[in-house]
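Below: one structure, written as structure tokens.
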Amino acid sequence: MDLTVLYRGPLASCDYDCPYCPFAKRRDSTAQLRADRASLERFARWAADSGDRLSLLFTPWGEGLVRSWYRRSLAELSHLPHIRRVAIQTNLSCRTDWLADADPETLALWCTYHPGQTPYDRFLAKCRDLTDRGIRFSVGVVGLREHLDAARRLRAELPEHVYLWINAAEGHTYGDAEADDWTALDPLFPYSRHPHASAGLPCRTGESVISVDGDGTVRRCHFVRAELGNLYDDSYRAALRPRPCPLAVCDCHIGYVHLETLPLYDVFAGGVLERIPAHPGEPQPVQAVTIAPRSNRLVT
């Protein structure tokens, strides 16, 4: 079968101190890092031995690519013929020479620029290095007013084919004028601007998309706590089936991108995991969406 797996192990440490992130500047103990490494390597072995066609997205709470076991696992998995895509969310603070060992046809990066946490020129230089290496990547910014000038500069200096996405800031309400500023940079910002009412709507999670934690516990997605089984004993397979969303709202791209009522699998065809539209640099039609009250916004 074709299966998309979102993996999130116990890693929670990050080298940045973003004020809008609850995991900023957290440090994992040596024991916690060892546990994360063991969990990640166990998952990588499962993926390598799987008989399914896999698309893998690593979504650590912390920054994974500063850890050697994430870099090595992504590079190794990228060369396997049954792995269609392997991607990770990253602040791009790590060095990039490890990418020479990866297959650029399979590996991709979902990068976030955090103004104030790293010099702009350093981040842009790494983006240019990714381009020179032929690595697929997107770049994003959290849509706070104080980030607007940096985001505009990025859009002007990144290659046209690199998609710049904007995430609506947690707890922030966007007036039309402010939303227009962000939409001018990211035509798909309207999908992020408001939470999506999702209760009872069909979603691919739990059928062809699953979430896995460090112990191998399988859930339909990161935001629904009900367990479907365990990855390592195959008990989750019996639970895979079409099912509606049980939550009132879905407010994170890695969740609502899988809603069947949204056209995002077409918009991001070939780049769902790394958040790259099928035709970056071209105008993107935005379908009318059903929005939910801001007070119900999920923390992701």
Side-chain angles (χ1 to χ4, degrees), residues 1-11 36-112 126-127 129-131 133-140 162-163 165 204-205 208-214 216 218-219 221-222 231-232 236 253-255 257-258 264-265 268-278 280:
M1 66 179 298
D2 292 315
L3 188 65
T4 294
V5 184
L6 279 63
Y7 175 83
R8 178 175 286 166
L11 184 76
D36 181 71
R37 179 173 182 167
S39 296
L40 185 282
E41 291 177 345
R42 184 186 187 192
F43 174 75
R45 288 194 299 271
W46 172 86
D49 295 338
S50 175
D52 295 320
R53 293 178 296 275
L54 300 178
S55 299
L56 308 174
L57 174 62
F58 293 82
T59 63
W61 282 125
E63 175 53 40
L65 291 183
V66 296
R67 306 298 175 185
S68 62
W69 50 97
Y70 282 86
R71 299 192 300 269
R72 181 174 59 254
S73 293
L74 265 71
E76 291 175 352
L77 289 169
S78 73
H79 290 284
L80 301 180
H82 66 287
I83 304 292
R84 291 188 165 185
R85 179 77 73 226
V86 56
I88 189 170
Q89 295 176 316
T90 177
N91 63 23
L92 207 56
S93 62
C94 68
R95 66 179 191 267
T96 55
D97 56 348
W98 66 277
L99 291 165
D101 296 326
D103 183 348
E105 295 297 318
T106 304
L107 185 137
L109 301 179
W110 168 329
C111 309
T112 305
K126 290 187 177 182
C127 290
D129 183 63
L130 297 182
T131 299
R133 293 178 183 274
I135 300 296
R136 287 173 56 84
F137 70 103
S138 65
V139 174
V162 174
Y163 172 51
W165 49 265
R204 297 173 179 87
T205 61
S208 60
V209 180
I210 59 173
S211 166
V212 178
D213 68 16
V218 175
R219 298 176 174 85
C221 73
H222 287 330
L231 190 73
Y232 301 121
Y236 73 97
H253 179 89
I254 59 174
V257 72
H258 305 296
L264 296 179
Y265 264 49
F268 289 95
V272 170
L273 294 192
E274 61 269 34
R275 201 170 179 173
I276 297 178

Taken to the nearest 0.5 Å, the spacing of Ser39 OG from Arg8 CZ works out to 14.5 Å
Report yes if the side chains of Val212 and Trp46 come closer than 4.5 Å at any heavy-atom pair, otherwise no. no
Query raised in the report: Mind checking whether Phe43 and Phe58 have parallel, tilted or perpendicular rings, split at 30° and 60°?
Result: perpendicular
**Item:** Check against side chain to side chain contact (heavy atoms under 4.5 Å, CB included), Tyr7 and Leu56
**Value:** CA-CA 7 Å; Tyr7 175 83; Leu56 308 174; over 6 Å; no
Can a donor-acceptor pair be found, under 3.5 Å and without considering hydrogens, that links the side chain of His82 to the backbone of Ala47?
yes
Heavy atoms of Trp165 and Ser138 approach each other most closely as NE1-OG, 3.2 Å
- Side chain of Thr106, backbone of Ser78: donor and acceptor closer than 3.5 Å? yes
Value for CD1 (Ile135) from CG (Leu107), rounded to nearest 0.5 Å, stands at 5.5 Å
When every non-hydrogen atom of Pro10 is compared with those of Gly214, the smallest separation belongs to CD-CA, 4.1 Å
message: With a 6.0 Å cut-off (strictly less than), is the heavy-atom count around CD of Glu41, excluding the residue itself, greater than 12?
response: yes
Quiz item: Looking only at atom types and distance, does a side-chain atom of Arg84 sit under 3.5 Å from a main-chain N or O of Ser55, one as donor and one as acceptor?
Solution: no
**Prompt:** Does Asp36 come within less than 4.0 Å of Arg67, counting only side-chain N to carboxylate O?
**Reply:** no
Minimal heavy-atom distance between His258 and Tyr265, with the atoms involved, is ND1-OH, 2.8 Å
Inset, instruction - Would you check, one step at a time, whether the test side chain to side chain contact (heavy atoms under 4.5 Å, CB included) holds for Val209 with Leu6? - result: CA-CA 8 Å; Val209 180; Leu6 279 63; 4.0 Å; yes
Rounded to the nearest 0.5 Å, the CG atom of Leu231 sits from the CZ atom of Arg42 at a distance of 8.5 Å
Checklist line | 4.5 Å side-chain heavy-atom contact, Leu65 and Leu109 | finding: yes
request  = May I ask you to establish whether Arg72 and Trp98 are in a cation-pi arrangement, using a distance under 6.0 Å from NZ or CZ to the six-membered ring centre and at most 45° from the ring axis?
outcome  = no
- So, the side chain of Asn91 versus the backbone of Ser93: is there a donor-acceptor pair under 3.5 Å, distance only? yes
One should read off an interatomic distance between Arg136 CZ and Leu273 CG, to the nearest 0.5 angstrom, of 10.0 Å
**Asked** Between Asp213 and Arg219, is there a salt bridge with N-O shorter than 4.0 Å?
**Response** yes
All heavy atoms of Tyr163 vs all of Arg275, minimum pair found to be CD2-O, 3.0 Å
Closest non-hydrogen contact found for Arg85 with Gly270 is NH2-O, 3.1 Å
Between the main-chain N or O of Asp101 and the side-chain N or O of His79, is there a donor-acceptor pair closer than 3.5 Å? yes
Between the CG atom in Leu130 and the CG atom in Leu92, the distance rounded to the nearest 0.5 Å is 5.5 Å
So do the side chains of Val139 and Cys127 get within less than 4.5 Å of each other, counting heavy atoms only?
yes
Value for CG (Asp97) from CZ (Arg71), rounded to nearest 0.5 Å, stands at 8.0 Å
Under the criterion side chain to side chain contact (heavy atoms under 4.5 Å, CB included), I'd like the reasoning laid out for Ser73 against Leu40: C-alpha separation, chi angles, the key distance, then a yes or no. CA-CA 8 Å; Ser73 293; Leu40 185 282; 3.0 Å; yes
**Request:** Go through the steps for Phe137 and Glu274 under the test side chain to side chain contact (heavy atoms under 4.5 Å, CB included), then give the verdict.
**Result:** CA-CA 7 Å; Phe137 70 103; Glu274 61 269 34; over 6 Å; no
Are any of the side-chain heavy atoms of Pro60 and Ile88 separated by less than 4.5 Å? yes
Closest non-hydrogen contact found for Pro104 with Gly134 is CB-O, 3.4 Å
